[in-house]
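Notes for the one structure printed next.
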Amino acid sequence: MSERKQVEISKDKIMEQEKYIEQIHRMNEDLFNRTGKRKSCICSTFGCQMNEHDSEMLMSMLEAMGYSRALSEDNADIVIYNTCAVRENAELKVYGNLGHLKNIKKQRPDMKIVVCGCMMQQAHVVEEIQKKHRHVDLIFGTHNLYKFPELLLSTFDKDKMLVDVWDVDGEVVEGLRSNRKFEIKSFVNIMYGCNNFCTYCIVPYTRGRERSRRPIEIIDEIKDLVANGVKEVTLLGQNVNSYGKTLDEKDRITFAELLREVNKIEGLERIRFMSSHPKDISDEVIYAIRDCDKVCEFLHLPFQAGSTSLLKKMNRHYTKEDYLRIIEKAKVEVPNIAFSSDIMIGFPGETEADVDDTIDVCEKVRYDSAFTFIYSKRRGTPAAKMENQIPEELKHQRFNRVLEVVNRISGEKNQEFMGKITEVLVEGKSKKNENIMTGKNRQNKTVNFTGGDESLVGKIINVRIDDPKSFSLNGKLVEVIR
Ligand code: 5AD
Ligand code: SF4
(Lines give C-alpha, C1' and ligand atoms only; values in the text may rest on other atoms or scores of the structure.)
(Ligands and ions follow the chains in the order given, each with its own letter.)
Protein backbone atom coordinates (compact mmCIF):
# COMPACT_ATOMS: atom_id res chain seq x y z
CA MET A 1 0.00 0.00 0.00
CA SER A 2 1.13 3.52 -0.60
CA GLU A 3 1.01 4.65 2.97
CA ARG A 4 1.01 2.81 6.28
CA LYS A 5 -0.39 4.48 9.34
CA GLN A 6 -1.57 3.69 12.78
CA VAL A 7 -5.02 5.19 12.74
CA GLU A 8 -6.79 6.78 15.61
CA ILE A 9 -9.71 8.68 14.26
CA SER A 10 -11.32 10.93 16.79
CA LYS A 11 -14.32 13.16 16.34
CA ASP A 12 -11.86 16.09 16.35
CA LYS A 13 -10.17 14.78 13.24
CA ILE A 14 -13.47 14.50 11.47
CA MET A 15 -14.40 18.01 12.57
CA GLU A 16 -11.10 19.19 11.14
CA GLN A 17 -12.38 18.15 7.74
CA GLU A 18 -15.12 20.76 8.04
CA LYS A 19 -12.36 23.33 7.49
CA TYR A 20 -11.62 21.84 4.06
CA ILE A 21 -15.31 21.56 3.24
CA GLU A 22 -15.68 25.24 4.07
CA GLN A 23 -12.66 26.16 1.94
CA ILE A 24 -14.00 24.34 -1.12
CA HIS A 25 -17.45 25.75 -0.46
CA ARG A 26 -16.02 29.30 -0.57
CA MET A 27 -14.28 28.53 -3.88
CA ASN A 28 -17.51 27.21 -5.35
CA GLU A 29 -19.56 30.17 -4.10
CA ASP A 30 -17.00 32.53 -5.56
CA LEU A 31 -17.28 30.76 -8.92
CA PHE A 32 -21.07 30.92 -8.74
CA ASN A 33 -21.05 34.64 -7.95
CA ARG A 34 -18.73 35.32 -10.89
CA THR A 35 -20.24 33.01 -13.50
CA GLY A 36 -23.68 31.93 -12.24
CA LYS A 37 -22.52 28.33 -12.68
CA ARG A 38 -22.37 25.56 -10.13
CA LYS A 39 -19.93 22.69 -10.28
CA SER A 40 -21.50 19.27 -10.25
CA CYS A 41 -20.66 15.77 -9.13
CA ILE A 42 -21.83 12.23 -9.71
CA CYS A 43 -21.08 9.02 -7.82
CA SER A 44 -21.50 5.45 -9.09
CA THR A 45 -21.71 2.81 -6.40
CA PHE A 46 -20.81 -0.82 -6.92
CA GLY A 47 -21.49 -3.62 -4.45
CA CYS A 48 -23.22 -3.85 -1.13
CA GLN A 49 -25.27 -1.62 1.17
CA MET A 50 -22.10 -0.66 3.05
CA ASN A 51 -20.86 0.98 -0.11
CA GLU A 52 -24.24 2.59 -0.73
CA HIS A 53 -24.01 4.08 2.71
CA ASP A 54 -20.42 5.29 2.19
CA SER A 55 -21.50 6.94 -1.06
CA GLU A 56 -24.29 8.73 0.80
CA MET A 57 -21.62 10.20 3.06
CA LEU A 58 -19.41 11.28 0.17
CA MET A 59 -22.34 12.95 -1.57
CA SER A 60 -23.25 14.67 1.67
CA MET A 61 -19.75 16.14 1.94
CA LEU A 62 -19.89 17.27 -1.70
CA GLU A 63 -23.24 18.90 -1.18
CA ALA A 64 -21.82 20.80 1.78
CA MET A 65 -18.96 21.91 -0.49
CA GLY A 66 -21.52 23.45 -2.84
CA TYR A 67 -21.62 20.88 -5.62
CA SER A 68 -24.86 20.10 -7.39
CA ARG A 69 -25.76 16.65 -8.66
CA ALA A 70 -24.89 15.95 -12.29
CA LEU A 71 -27.22 13.79 -14.36
CA SER A 72 -24.43 12.12 -16.30
CA GLU A 73 -20.67 11.67 -16.19
CA ASP A 74 -20.40 13.48 -19.51
CA ASN A 75 -20.86 16.87 -17.91
CA ALA A 76 -19.90 16.26 -14.27
CA ASP A 77 -16.99 18.13 -12.68
CA ILE A 78 -16.31 15.34 -10.22
CA VAL A 79 -16.88 11.68 -11.03
CA ILE A 80 -16.58 9.16 -8.21
CA TYR A 81 -16.50 5.39 -8.47
CA ASN A 82 -17.09 3.71 -5.15
CA THR A 83 -15.87 0.24 -6.02
CA CYS A 84 -16.52 -3.34 -4.93
CA ALA A 85 -13.99 -6.17 -4.88
CA VAL A 86 -16.29 -9.10 -4.10
CA ARG A 87 -16.60 -10.34 -7.69
CA GLU A 88 -14.53 -9.85 -10.80
CA ASN A 89 -17.40 -8.50 -12.92
CA ALA A 90 -17.75 -5.34 -10.85
CA GLU A 91 -13.98 -4.80 -11.06
CA LEU A 92 -13.94 -5.15 -14.83
CA LYS A 93 -16.77 -2.67 -15.10
CA VAL A 94 -14.78 -0.06 -13.16
CA TYR A 95 -11.76 -0.50 -15.45
CA GLY A 96 -14.06 -0.24 -18.48
CA ASN A 97 -15.68 2.95 -17.17
CA LEU A 98 -12.30 4.49 -16.40
CA GLY A 99 -11.26 3.81 -19.99
CA HIS A 100 -14.35 5.63 -21.21
CA LEU A 101 -13.64 8.64 -18.96
CA LYS A 102 -10.20 9.08 -20.50
CA ASN A 103 -11.68 10.67 -23.62
CA ILE A 104 -14.06 12.88 -21.66
CA LYS A 105 -11.19 14.09 -19.52
CA LYS A 106 -9.15 14.94 -22.63
CA GLN A 107 -11.87 17.40 -23.61
CA ARG A 108 -12.40 18.66 -20.06
CA PRO A 109 -9.05 18.44 -18.23
CA ASP A 110 -10.46 20.19 -15.14
CA MET A 111 -12.74 17.29 -14.41
CA LYS A 112 -11.71 15.30 -11.31
CA ILE A 113 -11.87 11.52 -11.34
CA VAL A 114 -12.00 9.85 -7.92
CA VAL A 115 -11.86 6.10 -7.27
CA CYS A 116 -12.43 4.70 -3.78
CA GLY A 117 -13.88 1.70 -1.95
CA CYS A 118 -12.89 -1.93 -1.54
CA MET A 119 -10.99 -2.41 -4.81
CA MET A 120 -8.52 0.27 -3.72
CA GLN A 121 -7.55 -1.74 -0.64
CA GLN A 122 -5.76 -4.15 -2.97
CA ALA A 123 -2.23 -3.06 -3.89
CA HIS A 124 -2.35 -4.70 -7.32
CA VAL A 125 -5.45 -2.70 -8.26
CA VAL A 126 -3.84 0.61 -7.29
CA GLU A 127 -0.76 -0.36 -9.32
CA GLU A 128 -2.91 -1.19 -12.33
CA ILE A 129 -4.68 2.17 -12.16
CA GLN A 130 -1.38 4.00 -11.73
CA LYS A 131 -0.03 2.23 -14.79
CA LYS A 132 -3.01 2.19 -17.13
CA HIS A 133 -5.37 4.94 -15.97
CA ARG A 134 -3.16 7.90 -15.28
CA HIS A 135 -6.05 10.28 -15.83
CA VAL A 136 -7.43 9.35 -12.39
CA ASP A 137 -6.90 12.22 -9.93
CA LEU A 138 -7.54 10.66 -6.54
CA ILE A 139 -7.53 7.19 -5.01
CA PHE A 140 -8.45 6.43 -1.42
CA GLY A 141 -9.64 3.36 0.47
CA THR A 142 -12.27 2.19 2.91
CA HIS A 143 -10.52 3.33 6.11
CA ASN A 144 -10.04 7.02 5.37
CA LEU A 145 -13.32 8.07 3.78
CA TYR A 146 -13.61 10.87 6.32
CA LYS A 147 -10.53 12.55 4.78
CA PHE A 148 -12.17 13.03 1.38
CA PRO A 149 -12.53 16.87 1.61
CA GLU A 150 -8.84 17.34 2.41
CA LEU A 151 -7.77 14.93 -0.32
CA LEU A 152 -10.04 16.52 -2.89
CA LEU A 153 -8.68 19.98 -2.11
CA SER A 154 -5.13 18.68 -2.58
CA THR A 155 -5.97 17.53 -6.11
CA PHE A 156 -6.95 21.05 -7.21
CA ASP A 157 -3.44 22.31 -7.74
CA LYS A 158 -1.93 19.00 -8.80
CA ASP A 159 -1.80 17.17 -12.07
CA LYS A 160 -0.40 14.02 -10.54
CA MET A 161 -2.57 11.25 -9.18
CA LEU A 162 -2.95 11.39 -5.39
CA VAL A 163 -3.09 7.99 -3.67
CA ASP A 164 -4.00 7.66 0.01
CA VAL A 165 -4.89 4.12 1.00
CA TRP A 166 -4.42 2.89 4.58
CA ASP A 167 -3.97 -0.77 5.20
CA VAL A 168 -4.90 -0.71 8.87
CA ASP A 169 -8.33 -0.76 10.41
CA GLY A 170 -9.61 2.58 11.51
CA GLU A 171 -11.25 2.98 14.84
CA VAL A 172 -14.96 3.33 14.53
CA VAL A 173 -15.58 6.72 13.01
CA GLU A 174 -18.40 8.66 14.62
CA GLY A 175 -19.85 11.98 13.61
CA LEU A 176 -19.47 11.68 9.84
CA ARG A 177 -22.01 13.57 7.85
CA SER A 178 -24.49 11.46 6.06
CA ASN A 179 -26.42 12.52 3.05
CA ARG A 180 -29.66 11.26 4.31
CA LYS A 181 -32.30 12.69 2.09
CA PHE A 182 -34.54 11.78 4.98
CA GLU A 183 -36.63 9.50 2.98
CA ILE A 184 -38.63 6.98 4.86
CA LYS A 185 -35.97 4.25 4.90
CA SER A 186 -32.38 4.47 6.00
CA PHE A 187 -29.32 2.27 6.49
CA VAL A 188 -27.51 2.42 9.81
CA ASN A 189 -24.08 0.86 10.25
CA ILE A 190 -23.79 -0.98 13.53
CA MET A 191 -20.37 -2.48 12.88
CA TYR A 192 -17.58 -2.51 10.34
CA GLY A 193 -15.26 -5.18 8.96
CA CYS A 194 -15.30 -8.95 9.20
CA ASN A 195 -13.27 -11.59 11.06
CA ASN A 196 -14.62 -14.65 9.34
CA PHE A 197 -12.28 -15.21 6.44
CA CYS A 198 -14.58 -17.36 4.35
CA THR A 199 -12.02 -18.78 1.94
CA TYR A 200 -13.59 -17.24 -1.18
CA CYS A 201 -14.12 -13.74 0.22
CA ILE A 202 -12.03 -10.59 -0.13
CA VAL A 203 -14.02 -8.50 2.36
CA PRO A 204 -11.88 -9.20 5.48
CA TYR A 205 -8.88 -7.94 3.49
CA THR A 206 -10.57 -4.81 2.17
CA ARG A 207 -12.77 -3.82 5.12
CA GLY A 208 -10.47 -4.94 7.92
CA ARG A 209 -11.23 -6.48 11.29
CA GLU A 210 -14.60 -6.46 12.92
CA ARG A 211 -15.42 -3.49 15.15
CA SER A 212 -18.79 -2.48 16.59
CA ARG A 213 -20.25 0.96 17.16
CA ARG A 214 -21.37 1.76 20.70
CA PRO A 215 -25.09 1.19 21.27
CA ILE A 216 -25.63 4.78 22.38
CA GLU A 217 -24.25 6.14 19.11
CA ILE A 218 -26.51 3.82 17.13
CA ILE A 219 -29.61 4.64 19.16
CA ASP A 220 -28.94 8.39 18.97
CA GLU A 221 -28.46 8.20 15.22
CA ILE A 222 -31.73 6.31 14.77
CA LYS A 223 -33.61 8.76 17.04
CA ASP A 224 -32.28 11.59 14.92
CA LEU A 225 -33.37 9.83 11.73
CA VAL A 226 -36.84 9.22 13.14
CA ALA A 227 -37.12 12.88 14.16
CA ASN A 228 -36.50 13.66 10.47
CA GLY A 229 -39.22 11.39 9.18
CA VAL A 230 -37.48 8.03 8.76
CA LYS A 231 -39.84 5.10 9.45
CA GLU A 232 -37.65 2.10 8.72
CA VAL A 233 -34.02 1.36 9.48
CA THR A 234 -31.81 -1.48 8.23
CA LEU A 235 -29.03 -2.25 10.68
CA LEU A 236 -25.93 -3.04 8.66
CA GLY A 237 -22.88 -5.18 9.31
CA GLN A 238 -21.03 -8.01 7.55
CA ASN A 239 -22.08 -10.27 10.39
CA VAL A 240 -24.54 -8.51 12.70
CA ASN A 241 -24.86 -11.59 14.90
CA SER A 242 -21.43 -11.02 16.36
CA TYR A 243 -22.31 -7.40 17.19
CA GLY A 244 -20.83 -6.10 20.44
CA LYS A 245 -17.87 -8.44 20.79
CA THR A 246 -15.31 -5.66 20.37
CA LEU A 247 -17.01 -3.20 22.72
CA ASP A 248 -15.71 -2.27 26.19
CA GLU A 249 -17.44 -4.21 28.91
CA LYS A 250 -19.45 -1.18 30.06
CA ASP A 251 -21.01 -0.76 26.60
CA ARG A 252 -21.22 -4.40 25.60
CA ILE A 253 -24.61 -5.75 24.56
CA THR A 254 -25.52 -8.54 22.15
CA PHE A 255 -27.22 -8.10 18.81
CA ALA A 256 -30.47 -9.48 20.25
CA GLU A 257 -30.29 -6.87 23.03
CA LEU A 258 -29.58 -4.14 20.48
CA LEU A 259 -32.69 -5.14 18.54
CA ARG A 260 -34.75 -4.85 21.71
CA GLU A 261 -33.28 -1.41 22.46
CA VAL A 262 -33.92 -0.11 18.93
CA ASN A 263 -37.44 -1.52 19.16
CA LYS A 264 -38.16 0.94 22.00
CA ILE A 265 -37.60 4.00 19.79
CA GLU A 266 -40.87 5.85 19.48
CA GLY A 267 -42.01 6.79 16.00
CA LEU A 268 -39.88 4.12 14.32
CA GLU A 269 -42.10 1.66 12.44
CA ARG A 270 -39.80 -1.05 11.14
CA ILE A 271 -36.42 -2.61 11.81
CA ARG A 272 -34.51 -4.82 9.39
CA PHE A 273 -30.95 -6.08 9.55
CA MET A 274 -28.31 -7.72 7.40
CA SER A 275 -26.18 -9.77 7.00
CA SER A 276 -26.42 -12.67 9.39
CA HIS A 277 -23.93 -15.49 9.62
CA PRO A 278 -25.52 -18.86 10.44
CA LYS A 279 -22.64 -19.80 12.75
CA ASP A 280 -23.35 -16.84 15.04
CA ILE A 281 -27.12 -16.44 15.04
CA SER A 282 -28.42 -17.13 18.54
CA ASP A 283 -31.86 -18.27 19.66
CA GLU A 284 -32.11 -14.86 21.35
CA VAL A 285 -32.02 -13.16 17.95
CA ILE A 286 -34.90 -15.35 16.78
CA TYR A 287 -36.81 -14.54 19.99
CA ALA A 288 -36.16 -10.83 19.42
CA ILE A 289 -37.65 -11.10 15.92
CA ARG A 290 -40.63 -12.87 17.47
CA ASP A 291 -41.12 -10.44 20.37
CA CYS A 292 -40.28 -7.03 18.91
CA ASP A 293 -43.22 -5.54 17.05
CA LYS A 294 -40.99 -3.36 14.86
CA VAL A 295 -38.57 -6.09 13.79
CA CYS A 296 -39.86 -7.38 10.47
CA GLU A 297 -40.54 -11.06 9.87
CA PHE A 298 -37.70 -11.38 7.42
CA LEU A 299 -34.35 -13.10 7.79
CA HIS A 300 -31.51 -12.84 5.29
CA LEU A 301 -29.39 -15.84 6.26
CA PRO A 302 -26.78 -16.65 3.59
CA PHE A 303 -26.02 -20.37 3.41
CA GLN A 304 -23.73 -20.23 0.33
CA ALA A 305 -23.82 -23.98 -0.31
CA GLY A 306 -25.83 -26.97 0.87
CA SER A 307 -23.00 -29.44 1.03
CA THR A 308 -21.36 -29.80 4.43
CA SER A 309 -17.99 -30.73 2.93
CA LEU A 310 -18.05 -27.67 0.66
CA LEU A 311 -19.06 -25.49 3.62
CA LYS A 312 -15.98 -26.78 5.43
CA LYS A 313 -13.76 -25.80 2.52
CA MET A 314 -15.43 -22.41 2.55
CA ASN A 315 -14.56 -22.07 6.28
CA ARG A 316 -18.18 -21.42 7.17
CA HIS A 317 -18.29 -23.35 10.48
CA TYR A 318 -21.76 -24.89 10.15
CA THR A 319 -23.21 -27.98 8.51
CA LYS A 320 -26.22 -28.35 6.26
CA GLU A 321 -28.11 -29.79 9.23
CA ASP A 322 -27.11 -26.90 11.56
CA TYR A 323 -28.42 -24.47 8.99
CA LEU A 324 -31.73 -26.24 8.50
CA ARG A 325 -32.19 -26.44 12.29
CA ILE A 326 -31.91 -22.64 12.57
CA ILE A 327 -34.45 -22.20 9.80
CA GLU A 328 -36.85 -24.66 11.47
CA LYS A 329 -36.52 -22.84 14.79
CA ALA A 330 -37.25 -19.51 13.08
CA LYS A 331 -40.28 -20.98 11.30
CA VAL A 332 -41.67 -22.32 14.58
CA GLU A 333 -41.05 -19.16 16.61
CA VAL A 334 -41.97 -16.54 13.99
CA PRO A 335 -45.09 -17.30 11.98
CA ASN A 336 -45.09 -15.70 8.52
CA ILE A 337 -41.31 -15.30 8.50
CA ALA A 338 -39.76 -14.86 5.06
CA PHE A 339 -36.24 -15.99 4.23
CA SER A 340 -33.64 -14.84 1.79
CA SER A 341 -30.11 -16.00 1.19
CA ASP A 342 -26.86 -15.69 -0.72
CA ILE A 343 -26.06 -18.80 -2.72
CA MET A 344 -22.75 -19.50 -4.39
CA ILE A 345 -22.31 -21.81 -7.35
CA GLY A 346 -19.00 -23.10 -8.70
CA PHE A 347 -16.77 -23.03 -5.63
CA PRO A 348 -13.57 -25.04 -6.28
CA GLY A 349 -14.11 -28.79 -6.01
CA GLU A 350 -17.93 -28.51 -6.24
CA THR A 351 -19.55 -31.69 -7.57
CA GLU A 352 -22.99 -32.29 -9.06
CA ALA A 353 -23.93 -33.92 -5.74
CA ASP A 354 -22.94 -30.71 -3.94
CA VAL A 355 -25.23 -28.74 -6.25
CA ASP A 356 -28.02 -31.22 -5.40
CA ASP A 357 -27.43 -30.41 -1.72
CA THR A 358 -27.78 -26.70 -2.47
CA ILE A 359 -31.03 -27.35 -4.32
CA ASP A 360 -32.21 -29.54 -1.44
CA VAL A 361 -31.69 -26.67 1.02
CA CYS A 362 -33.66 -24.34 -1.31
CA GLU A 363 -36.53 -26.84 -1.46
CA LYS A 364 -36.58 -27.33 2.31
CA VAL A 365 -36.29 -23.67 3.31
CA ARG A 366 -38.42 -22.28 0.47
CA TYR A 367 -36.75 -18.89 0.15
CA ASP A 368 -38.88 -15.90 -0.70
CA SER A 369 -35.89 -14.52 -2.55
CA ALA A 370 -32.22 -15.35 -2.98
CA PHE A 371 -29.12 -13.79 -4.47
CA THR A 372 -27.35 -16.38 -6.57
CA PHE A 373 -23.68 -15.81 -7.36
CA ILE A 374 -21.22 -17.57 -9.60
CA TYR A 375 -17.97 -18.10 -7.70
CA SER A 376 -15.40 -15.54 -8.76
CA LYS A 377 -11.71 -16.16 -8.07
CA ARG A 378 -10.34 -13.40 -5.84
CA ARG A 379 -6.60 -12.86 -5.74
CA GLY A 380 -5.19 -13.23 -2.22
CA THR A 381 -7.97 -15.49 -0.92
CA PRO A 382 -7.27 -19.17 -0.06
CA ALA A 383 -9.89 -20.47 -2.52
CA ALA A 384 -8.08 -18.83 -5.43
CA LYS A 385 -5.25 -21.31 -4.91
CA MET A 386 -7.45 -24.37 -4.44
CA GLU A 387 -7.35 -27.22 -6.91
CA ASN A 388 -10.28 -28.22 -9.07
CA GLN A 389 -11.47 -24.78 -10.09
CA ILE A 390 -14.73 -25.29 -11.98
CA PRO A 391 -14.73 -24.40 -15.70
CA GLU A 392 -16.83 -21.34 -16.54
CA GLU A 393 -19.28 -23.19 -18.72
CA LEU A 394 -20.03 -25.78 -16.07
CA LYS A 395 -20.46 -23.04 -13.46
CA HIS A 396 -23.06 -21.39 -15.72
CA GLN A 397 -24.92 -24.65 -16.31
CA ARG A 398 -25.10 -25.33 -12.58
CA PHE A 399 -26.03 -21.74 -11.87
CA ASN A 400 -28.99 -21.96 -14.27
CA ARG A 401 -30.11 -25.20 -12.64
CA VAL A 402 -30.16 -23.57 -9.19
CA LEU A 403 -31.66 -20.31 -10.43
CA GLU A 404 -34.60 -22.14 -11.96
CA VAL A 405 -35.44 -23.71 -8.60
CA VAL A 406 -34.95 -20.44 -6.71
CA ASN A 407 -37.22 -18.53 -9.10
CA ARG A 408 -39.90 -21.23 -9.13
CA ILE A 409 -40.05 -21.27 -5.32
CA SER A 410 -40.14 -17.49 -4.94
CA GLY A 411 -42.97 -17.36 -7.49
CA GLU A 412 -44.85 -20.02 -5.51
CA LYS A 413 -44.25 -18.14 -2.25
CA ASN A 414 -45.75 -15.02 -3.82
CA GLN A 415 -48.79 -16.99 -4.99
CA GLU A 416 -49.50 -17.80 -1.34
CA PHE A 417 -50.43 -14.11 -0.90
CA MET A 418 -53.32 -14.38 -3.39
CA GLY A 419 -56.47 -12.89 -1.83
CA LYS A 420 -54.66 -12.03 1.41
CA ILE A 421 -54.22 -8.70 3.14
CA THR A 422 -50.66 -7.57 3.73
CA GLU A 423 -49.21 -4.60 5.65
CA VAL A 424 -47.26 -2.13 3.53
CA LEU A 425 -45.03 0.85 4.29
CA VAL A 426 -45.70 3.16 1.36
CA GLU A 427 -42.58 4.46 -0.40
CA GLY A 428 -43.87 6.39 -3.41
CA LYS A 429 -45.20 6.22 -6.93
CA SER A 430 -44.34 3.20 -9.03
CA LYS A 431 -41.63 4.03 -11.57
CA LYS A 432 -43.51 2.18 -14.28
CA ASN A 433 -46.99 3.62 -13.80
CA GLU A 434 -47.97 7.04 -12.44
CA ASN A 435 -51.28 5.77 -11.07
CA ILE A 436 -49.81 2.98 -9.02
CA MET A 437 -48.18 3.38 -5.63
CA THR A 438 -45.53 1.07 -4.25
CA GLY A 439 -43.97 -0.04 -0.97
CA LYS A 440 -42.73 -3.12 0.86
CA ASN A 441 -44.52 -5.49 3.17
CA ARG A 442 -42.93 -6.79 6.36
CA GLN A 443 -41.60 -9.81 4.46
CA ASN A 444 -39.65 -7.38 2.24
CA LYS A 445 -41.77 -8.02 -0.83
CA THR A 446 -42.48 -5.19 -3.22
CA VAL A 447 -46.20 -4.44 -3.19
CA ASN A 448 -47.76 -2.30 -5.95
CA PHE A 449 -51.28 -1.08 -5.33
CA THR A 450 -54.08 1.04 -6.77
CA GLY A 451 -56.49 3.24 -4.85
CA GLY A 452 -53.86 5.45 -3.21
CA ASP A 453 -51.84 8.56 -3.93
CA GLU A 454 -48.71 10.34 -2.78
CA SER A 455 -50.34 11.52 0.44
CA LEU A 456 -49.82 7.94 1.66
CA VAL A 457 -45.99 8.05 1.50
CA GLY A 458 -44.60 7.02 4.89
CA LYS A 459 -47.93 5.54 6.01
CA ILE A 460 -48.60 1.97 7.06
CA ILE A 461 -51.53 0.60 5.11
CA ASN A 462 -53.25 -2.68 4.32
CA VAL A 463 -53.36 -3.95 0.74
CA ARG A 464 -55.39 -6.88 -0.56
CA ILE A 465 -53.34 -8.87 -3.07
CA ASP A 466 -55.21 -9.88 -6.22
CA ASP A 467 -52.33 -10.41 -8.66
CA PRO A 468 -49.15 -11.96 -7.28
CA LYS A 469 -46.29 -11.94 -9.79
CA SER A 470 -42.90 -13.68 -9.62
CA PHE A 471 -41.04 -10.69 -8.18
CA SER A 472 -43.80 -8.48 -6.78
CA LEU A 473 -47.33 -8.50 -5.39
CA ASN A 474 -50.10 -6.37 -6.90
CA GLY A 475 -53.30 -5.37 -5.18
CA LYS A 476 -55.69 -2.69 -3.94
CA LEU A 477 -55.61 -0.38 -0.94
CA VAL A 478 -57.91 -1.64 1.81
CA GLU A 479 -57.28 0.79 4.67
CA VAL A 480 -54.77 3.20 6.12
CA ILE A 481 -53.59 1.90 9.48
CA ARG A 482 -51.45 4.87 10.62
N1 5AD B 1 -17.40 -15.01 -5.70
C2 5AD B 1 -18.75 -14.99 -5.79
N3 5AD B 1 -19.55 -14.54 -4.83
C4 5AD B 1 -18.95 -14.08 -3.70
N5 5AD B 1 -19.46 -13.59 -2.56
C6 5AD B 1 -18.44 -13.26 -1.74
N7 5AD B 1 -17.26 -13.55 -2.32
C8 5AD B 1 -17.54 -14.06 -3.55
C9 5AD B 1 -16.77 -14.57 -4.61
N10 5AD B 1 -15.44 -14.62 -4.54
C11 5AD B 1 -20.90 -13.52 -2.31
C12 5AD B 1 -21.28 -14.34 -1.07
C13 5AD B 1 -21.61 -13.28 -0.06
C14 5AD B 1 -22.13 -12.17 -0.95
C15 5AD B 1 -22.15 -10.82 -0.33
O16 5AD B 1 -21.26 -12.18 -2.05
O17 5AD B 1 -22.41 -15.12 -1.39
O18 5AD B 1 -22.56 -13.71 0.89
FE1 SF4 C 1 -17.08 -12.41 3.41
FE2 SF4 C 1 -17.64 -14.49 4.98
FE3 SF4 C 1 -17.14 -12.07 6.06
FE4 SF4 C 1 -19.43 -12.47 4.70
S5 SF4 C 1 -18.83 -13.51 6.62
S6 SF4 C 1 -18.03 -10.70 4.52
S7 SF4 C 1 -18.78 -13.89 3.11
S8 SF4 C 1 -15.69 -13.34 4.94
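For ligands, and for the atoms within them, numbers begin at 1 and follow the listed sequence. Positions are given from 1 along the sequence.
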Check: Where do N51 and T45 land on the side chain to side chain donor-acceptor pair (under 3.5 Å) test, with the steps shown first?
Finding: CA-CA 7 Å; N51 263 15; T45 311; over 6 Å; no
Next item on the list: Would you confirm whether S341, through its side chain, and I343, through its main-chain N or O, come within 3.5 Å as a donor-acceptor pair?
Entry: no
Item checked: Spacing of OG belonging to S472 relative to NZ belonging to K432, to within rounding of 0.5 Å ->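 The NZ atom of K432 is 7.0 Å from OG of S472, to the nearest 0.5 Å.
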Next item on the list: Could you tell me whether R87 and ligand 1 have an N or O pair separated by under 3.5 Å?
Entry: yes
Next item on the list: Could you give me the CA-CA distance, side-chain angles and deciding distance for F303 and Y318, then say whether ring pair (Phe, Tyr, Trp, His ring centres under 6.0 Å) is met?
Entry: CA-CA 9 Å; F303 78 101; Y318 53 87; 8.5 Å; no
Notebook entry, point to check: Where's the contact between F373 and ligand 1, heavy-atom distance under 4.0 Å: side chain, backbone, both or neither?
Noted result: side chain
Check: Does the ring center of F273 lie less than 6.0 Å from the ring center of F255?
Finding: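 Yes, ring centres under 6.0 Å apart.
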Check: What part of R316 sits under 4.0 Å from ligand 2 if we count only heavy atoms: the side chain, the backbone, both or neither?
Finding: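 The answer is the side chain.
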Margin query: Under 6.0 Å from the ring centre and within 45 degrees of the ring axis: does the NZ or CZ of R378 meet both conditions for the six-membered ring of Y200?
Written below: no
Mark up the atoms of ligand 1 that fall under 4.0 Å of a heavy atom belonging to [X], in ascending order.
X    : answer
Y375 : 1 (N), 2 (C)
Q304 : 12 (C), 13 (C), 17 (O), 18 (O)
R378 : 10 (N)
V86  : 4 (C), 5 (N), 6 (C), 7 (N), 8 (C), 9 (C), 10 (N), 16 (O)

Nearest-neighbour protein heavy atom for [atom], which is reported as residue plus atom name and distance:
atom                    : value
atom 7 (N) of ligand 1  : Y200 CD1, 3.3 Å
atom 14 (C) of ligand 1 : D342 OD2, 3.4 Å
atom 1 (N) of ligand 1  : S376 N, 2.9 Å

Note to self: Give me the atom names and distance for the closest heavy-atom approach of L301 to S276.
What the structure shows: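 What the structure gives for the nearest pair is CD1-CB, 3.6 Å.
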Note to self: With heavy-atom distances below 4.5 Å as the criterion, would you say the side chains of L138 and V115 are in contact?
What the structure shows: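 They are not in side-chain contact.
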Next item on the list: Return the set of protein N, O or S atoms whose distance to atom 3 (Fe) of ligand 2 is under 2.8 Å, each given as residue and atom.
Entry: C194 SG
Note to self: Considering I374, I202, V203 one by one, which has a heavy atom nearer to atom 2 (C) of ligand 1 than any of the others?
What the structure shows: I374
